[in-house]
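Here's the structure, in structure tokens; my notes come after.
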Amino acid sequence: MALPYEDQATWKNEQERETAAWNRMTSTISMGATIGTTAGAVGGGAVGCVIGGVSGATLTGTLATMFGGLPSEVQGCIAGVAAGGFLGTLAGQVFVTAPVAIAAAAQYFTTINQPMPNKQQSQQGQDLGKK
């Protein structure tokens with residue numbers, strides 16, 4: 001999970017490296033959450049609209065009063081979008097955001113727990129000089 005050009009990073013100490021790794025992790029998780037939520041809501045809403053429209057779901061109570069002038073297919077589509085969008089959002093969080101968060105956290109801990117690249121190289125050079 002090492003980053004490209006990590007050996008050329010300009011970190012001066014462990015604290016700078018940890019801050020950069022934390023910022024990278026939070027931005028990766030945020031991007032995963034945005035994509036997961038959007039894709040899940042749009043996909044779930046589309047599927048819900050199709051299923052609700054085809055079934056012509058019968059609405060009762062307040063929803064039937066609000067949408068009473070619309071054909072049953074449109075009423076079913078509206079109800080399907082509401083239910084499908086919600087379920088799609090949950091699915092996006094589970095199947096997109098969660099794996100991205102796990103991978104980002106693994107990369108974060110890998111980065112902060114390995115030796116500093118520039119210290120490792122300078123230590124090797126010192127060891128060679130001693131021989």
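The analysis underlying the following values was restricted to heavy atoms, covering all of them including side chains, and did not include hydrogens, waters or symmetry mates.
Under the 4.5 angstrom side-chain criterion for Ile, Leu, Val, Met, Phe, Trp and Tyr, the cluster partners of Val94 are Phe95.
Considering Thr37, Val42, Thr38 in turn, Thr37 is the only one that fulfils the side-chain contact (heavy atoms from CB on, under 4.5 Å) rule with Thr89.
Of all the heavy atoms in Ile112 and Arg17, the pair that sits closest is O-NH2, 2.9 Å. Taking all atoms of both residues into account, the shortest heavy-atom contact from Val81 to Cys49 is CG2-CB, 3.5 Å. Taking each heavy atom of Ala104 and Ile29 in turn, the nearest pair found is CB-CG1, 3.9 Å.
Listed by first then second residue, pairs satisfying ring pair (Phe, Tyr, Trp, His ring centres under 6.0 Å) with a partner in residues 19-43 read Trp22-Tyr108, not counting sequence neighbours. For residues 26-53, no pair satisfies ring pair (Phe, Tyr, Trp, His ring centres under 6.0 Å), with sequence neighbours left out.
In the model, Thr110 has no side-chain atom that pairs as donor or acceptor with a side-chain atom of Gln114 under 3.5 Å.
For the atom pair Thr111 OG1 and Arg24 CZ, the distance stands at 4.5 Å (nearest 0.5 Å). The structure places CG of Asn23 at 8.5 Å from CD of Glu18, a figure rounded to the nearest 0.5 Å. Summarising the geometry, atom OG1 belonging to Thr28 is positioned 8.5 Å from atom CE belonging to Met31; distances are rounded to the nearest 0.5 Å. Atoms CD and CE, from Gln107 and Met25 in turn, are 10.5 Å apart once rounded to the nearest 0.5 Å.
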